[in-house]
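In this text the structure is predicted, and so the values were computed from the model without any measurement. Positions are given from 1 along the sequence.
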Amino acid sequence: QVTFFMACLTLDARRAHAKRLDIALCCKDGDEAFEPYRSSARGLCCLRCGVIKRDLSPPLFREYGKLLMTWPARIGVLVVFLTLIGLSSFGVNQMETNFRSDWMLPPDSYLRDSIDVANEFFTQTTVFDVYIKDIDYFARQEELNSVGRFLTSSREVIPDTSDFWYSGYMSWASETQPYATAYNASTNAVTDATLFYTGLKAFLNSTEGERFGGDIQFIDDMDPVAGIFATRSAAQIGQSEFSGTGQERYDAMQNLRSELSDAMNYDDARVFATEFIFWERFGFIRDELVKNLGIALGVMATIVFLLLYSAPVVFSVVMAIGATVLDVFGLAYFWGVQINFIVTIFLLIAVGLSVDYSAHIGHAFIEAHGTAAERAREALLTTGPPVFNAIFSTFIAILVLVNAQTYVFQVFFQMFTLTTLLGGFHGLVVLPVVLSFLGGNSLGDDGNDIEALKARAATANDRNAAHPGFYPANKTADFDMWGVKGGGDDSKIKDEMEMTATATQQEILPEGKGGTDDGNR
């Protein structure tokens, strides 16, 4: 922005001062009265067509502001606002955490089609391992039996998929001499330490136990009695990277850990699968998202307070921004969005985007004068058009992604569409209504005294009647419509208060209307 964009603005300024048309740079504007950046816009290519020569934004937003400040409209906006809050809260509570690596593939890819076929006709499983550290295996055979029961009876483990070396060893030892003499059927254990370790080494060299050869690491292969350094056993669970939800996978992983810790101390036995690296995130990503959103909103609220310095306005702006983020978060549920690291990034970006749609309206409200409702109308009149242009241009920019086939760009389109539309709704509809209730009145030097304002207008009327032509034609105000002549009510005071302030405070005659001496005033 400080390099390329500023350079483009500089070149455009040179074009404007040279009175060259915005698109047809080779053509110059023949209107000598036209002043760049001061005269009103005249439409595309500086056309002078009567329809597009006139800037339609102010009258449209003036009428929109009048309509929005009516009581039925304000009540209706608040009802819609609260309804969205309710729906969004429901959506946030119902939204699941999930991500699958195959989502990153194009829908028509060979690999994704294969995964879909596998999910449709077969149960997808994940192989996991149970690792046991360098414990006294002989002394803790009771716990080894508990681990075996865990592998065969866990609600998460698919039946008949476990292959525990200890269970196979005990079955072999009970039928093989001399180890059978030391085998205790009631405890399913070998009662002699030397026979336990030498028998295990013999079992691994047998036909029945050779498949476990890579799962048991002796401290000294030449001396099995020295003990075992570590062991490994495998089984399968009915969850996989390509099936179920992220929360279901995380819960299955946590259940395995809990059940194994009941069988053997957590420090001595661990359950692990490579897929668990990716499943782990589903246990904390929601909490991390909420925490980071809270931090972002807190920082944003602090900056808004430092810039706007008005507690009611800051509260209203922060509420509008927070409601925008909540609605984007919650309503995304109804669009099929699930929480994952990609959605988290876009939600955090939504905090920054939603600031623009509300903060500018709040600042314009602070600068405006009148009753709270009039200030809201003035804010819409002065700042509503550029805010609407920002909303509209952003929405047009992301429309190119409407038919995106890749998951990242699909989510990008969904989240930014919600952010743009809901941010615009809260900035241009909800916030002015809230400010009309909470923003307070600001009638300039006379405070909240509307009668003083009307008295100033009456004085201006009297002066204009006594000295025709006292005010320039383009500065003369129609004070009758302000409710002064004939005893109008307060609601008729218009939001063009700057015109009256100019008229009542002017103390010199315009050029060519009788000079500047006191006698002519």
What I want to find out is whether [X] reaches [Y] closely enough, with some N-O distance under 4.0 Å, to be called a salt bridge.
X: E288; Y: R281; result: no
X: D129; Y: R270; result: no
X: D268; Y: R140; result: yes
X: E378; Y: R375; result: no
X: R257; Y: E280; result: yes
X: R377; Y: E374; result: no

Does atom [atom1] of [X] have more than 12 heavy-atom neighbours, drawn from other residues, nucleotides or ligands, at distances under 6.0 Å?
X: F305; atom1: CZ; result: no
X: F229; atom1: CZ; result: no
X: Q254; atom1: CD; result: yes
X: F388; atom1: CZ; result: no
X: F272; atom1: CZ; result: yes
X: D160; atom1: CG; result: no

Give the table of side-chain donor-acceptor pairs shorter than 3.5 Å for residues 417-433, with sequence neighbours excluded, one pair per line with atom names and distance.
| from | atom 1 | to | atom 2 | distance (Å) |
| --- | --- | --- | --- | --- |
| T417 | OG1 | F413 | O | 2.6 |
| T419 | OG1 | M415 | O | 2.7 |
| T420 | OG1 | F416 | O | 2.7 |
| H426 | ND1 | T324 | OG1 | 3.3 |
| H426 | ND1 | L422 | O | 2.7 |
| H426 | NE2 | D327 | OD2 | 3.1 |

Do [X] and [Y] have side-chain heavy atoms sitting under 4.5 Å apart?
X: W165; Y: S233; result: yes
X: T198; Y: K201; result: no
X: L326; Y: I85; result: yes
X: F150; Y: V130; result: yes
X: T394; Y: I391; result: no
X: K133; Y: T231; result: no
X: Q124; Y: F122; result: yes
X: P312; Y: S310; result: yes

Problem set entry | Residue pair Y166, Q141: steps toward the side chain to side chain donor-acceptor pair (under 3.5 Å) verdict | CA-CA 9 Å; Y166 181 78; Q141 291 183 78; 3.0 Å; yes
For this session: Quick one: closest heavy-atom pair of E156 and A252, and the distance?
Result: OE1-CB, 3.5 Å
Problem set entry | Closest heavy-atom pair and its distance - V127, A273 | O-CB, 3.4 Å
For this session: Give the C-alpha distance, both sets of side-chain angles, the deciding distance and a yes or no for side-chain contact (heavy atoms from CB on, under 4.5 Å) between I135 and M264.
Result: CA-CA 11 Å; I135 64 174; M264 182 175 284; 4.0 Å; yes
Problem set entry | By ring pair (Phe, Tyr, Trp, His ring centres under 6.0 Å) - contacts of F437 (at least two apart) | W71
Exercise. Considering residues at least two apart in sequence or located in another chain, which fulfil the ring pair (Phe, Tyr, Trp, His ring centres under 6.0 Å) criterion with W172?
Worked result: Y179, F203
For this session: I would like to know whether S146 and R149 meet side chain to side chain donor-acceptor pair (under 3.5 Å); could you show each step before the answer?
Result: CA-CA 5 Å; S146 298; R149 287 190 293 270; 3.0 Å; yes
So how far is it from [X] [atom1] to [Y] [atom2], rounded to the nearest 0.5 Å?
X: L381; Y: K66; atom1: CG; atom2: NZ; answer: 10.0 Å
X: Q217; Y: I228; atom1: CD; atom2: CD1; answer: 10.0 Å
X: Q236; Y: I158; atom1: CD; atom2: CD1; answer: 5.5 Å

Seminar exercise, completed: With sequence neighbours left out, the residues meeting side-chain contact (heavy atoms from CB on, under 4.5 Å) with M319 are F81, V434
Problem set entry | Steps toward side-chain contact (heavy atoms from CB on, under 4.5 Å) verdict (I339, F99) | CA-CA 8 Å; I339 299 174; F99 180 77; over 6 Å; no
For this session: Kindly state each residue pair satisfying salt bridge (Lys or Arg N to Asp or Glu O under 4.0 Å) with at least one member in residues 229-238, sequence neighbours excluded.
Result: D215-R232
Aromatic centroids of [Y] and [X] separated by under 6.0 Å:
X: Y169; Y: Y183; result: no
X: Y407; Y: W103; result: yes
X: F276; Y: W279; result: yes

For this session: Ignoring hydrogens and angles, tell me if any N or O in the side chain of S171 forms a donor-acceptor pair with the backbone of S167 under 3.5 Å.
Result: no
Listed pairs under 3.5 Å, donor-acceptor, residues 341-368 side chains, sequence neighbours left out:
| from | atom 1 | to | atom 2 | distance (Å) |
| --- | --- | --- | --- | --- |
| T344 | OG1 | N340 | O | 2.9 |
| S354 | OG | A350 | O | 2.9 |
| S354 | OG | V351 | O | 3.0 |

Exercise. Hey, mind stepping through E259 and S154 against side chain to side chain donor-acceptor pair (under 3.5 Å) and telling me if it holds?
Worked result: CA-CA 7 Å; E259 294 178 16; S154 170; 2.5 Å; yes
Exercise. Between S240 and S243, do the side chains contain an N or O donor and an N or O acceptor separated by less than 3.5 Å?
Worked result: yes
